Amino acid sequence: MLRGLVLDYAGVLTDVDGERLLAAVGTARANGVRTALLSNAPGGAEARRALGGWFDAMVFSGEVGLAKPDVAVYQLTADLLGIDARACAFVDDSATNVAGAVKAGMVGVRHVRVQDTLDELAVLFGLVWSSL
């Protein structure tokens, strides 16, 4: 059973309808799912201020010295959530980064459109995204 949801920032949460994904993050958290932001951005101060309340952990490559698709950065993120990587789903718009997450044991979700990502996450987590 999946208990962790990890999302990329640029290309996913910055999508035109990215606020719908944030609403889904809120629903997931309300249902006991641990959430993390994993970004290859060099520094996360601005994103931390804007998004910190949505996530249990935030990992920025520039701060931890690891970058996607290195398996170690996905493992670090799962460790910060306190759950096994195999219990996490990872969402990114980069196929290479999704493949790295899968190598680490996570379920990979390639983000192309917000509605498609929401539909896939609803199935994976057994949740309904009401009014998203």
Side-chain angles (χ1 to χ4, degrees):
M1 172 160 183
L2 294 177
R3 298 183 343 235
L5 175 58
V6 181
L7 289 99
D8 176 45
Y9 179 63
V12 176
L13 292 177
T14 59
D15 200 321
V16 173
D17 292 328
E19 70 279 352
R20 294 176 65 209
L21 290 169
L22 281 177
V25 167
T27 299
R29 287 184 82 193
N31 284 278
V33 175
R34 304 277 293 158
T35 61
L37 178 77
L38 172 55
S39 176
N40 276 352
E46 184 178 321
R48 254 182 232 293
R49 282 190 297 277
L51 301 170
W54 294 97
F55 296 98
D56 298 300
M58 298 181 87
V59 178
F60 295 92
S61 296
E63 296 174 357
V64 299
L66 298 166
K68 300 176 286 182
D70 186 334
V71 170
V73 77
Y74 304 101
Q75 185 59 55
L76 171 67
T77 304
D79 290 348
L80 290 172
L81 290 176
I83 55 180
D84 191 283
R86 293 172 295 191
C88 295
F90 173 74
V91 180
D92 200 303
D93 60 313
S94 163
T96 301
N97 292 344
V98 171
V102 170
K103 257 186 164 172
M106 293 182 175
V107 173
V109 176
R110 172 93 189 280
H111 174 76
V112 177
R113 290 181 337 119
V114 169
Q115 188 59 55
D116 295 340
T117 298
L118 289 170
D119 291 345
E120 190 163 352
L121 292 174
V123 171
L124 289 171
F125 286 94
L127 295 171
V128 175
W129 317 122
S130 59
S131 68
L132 296 181

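Just so we're clear, the structure is a prediction, and the values are computed from it rather than from any experiment. As a basis for the values below, the full set of heavy atoms in this structure was taken, side chains included, without hydrogen atoms, waters or symmetry mates.
When all heavy atoms of A85 and A104 are compared, the pair lying nearest together is CB-O, 3.5 Å. Contact record, C88 with I83: SG-CD1, 3.6 Å, taken as the closest heavy-atom pair. Between A24 and L118, the closest heavy-atom pair is CB-CD2, 3.5 Å. Contact between L80 and A57 at its shortest, heavy atoms only, is CB-CB, 4.0 Å. Nearest heavy atom pair, residue F55 against residue L7, reads CE2-CD1, 4.2 Å. Closest approach of R34 and L81 over heavy atoms only: NE-O, 3.0 Å.
Around the CZ atom of F125, the shell of radius 6.0 Å holds more than 12 heavy atoms that belong to other residues, nucleotides or ligands.
Screening residues 85-100 for salt bridge (charged side-chain N to carboxylate O under 4.0 Å, His left out), with sequence neighbours left out, gives K68-D92, D84-R86.
Looking at D15 and H111, their side chains do bring a donor and an acceptor atom within 3.5 Å of each other.
Remark: side-chain polar atoms of Y74 are not paired, donor with acceptor, to backbone N or O of V102 under 3.5 angstrom. Formation of a donor-acceptor pair under 3.5 Å by the W129 side chain with backbone atoms of T27 is not found in this model. Checked by atom type and distance alone, the side chain of R3 never pairs as donor or acceptor with a backbone atom of A87 at under 3.5 Å. At least one donor-acceptor pair under 3.5 Å links the side chain of T35 to the backbone N or O of W54.
Between D119 and V123 the shortest side-chain heavy-atom distance does not fall below 4.5 Å. A heavy-atom distance below 4.5 Å is not found between the side chains of N40 and F60. Side-chain contact between L51 and Y9: present, with at least one pair of heavy atoms (C-beta onward) separated by less than 4.5 Å. When side chains are defined from C-beta on, R29 counts as touching D56, because their heavy atoms get closer than 4.5 Å. With a 4.5 Å cut-off on side-chain heavy atoms, V59 and L37 do not count as touching. Under the 4.5 Å side-chain criterion, counting only non-hydrogen atoms from C-beta, V91 is not in contact with D8.
Tracing side-chain contacts under 4.5 Å through hydrophobic residues (I, L, V, M, F, W, Y), one never reaches M58 starting from L76; they form parts of separate clusters. Taken together through direct or relayed side-chain contacts under 4.5 Å among Ile, Leu, Val, Met, Phe, Trp and Tyr, M106 and L66 form part of one hydrophobic cluster. Hydrophobic clustering (ILVMFWY, side-chain heavy atoms < 4.5 Å, transitive): L5 and L13 are in one cluster. There is a path of hydrophobic side-chain contacts, each under 4.5 Å, that joins L127 to L2. Using a 4.5 Å cut-off between side-chain heavy atoms of Ile, Leu, Val, Met, Phe, Trp and Tyr, with links allowed through other members, F90 and V114 fall into different hydrophobic clusters.
The CG atom of D70 sits 9.5 Å away from atom NZ of K103, with the distance rounded to the nearest 0.5 Å.
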> What do the steps show when you test V109 against V98 for side-chain contact (heavy atoms from CB on, under 4.5 Å), and what is the final call?
Replying inline: CA-CA 7 Å; V109 176; V98 171; over 6 Å; no
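By the 4.0 Å N-to-carboxylate-O rule, E120 lies too far from R113 to be salt-bridged with it.
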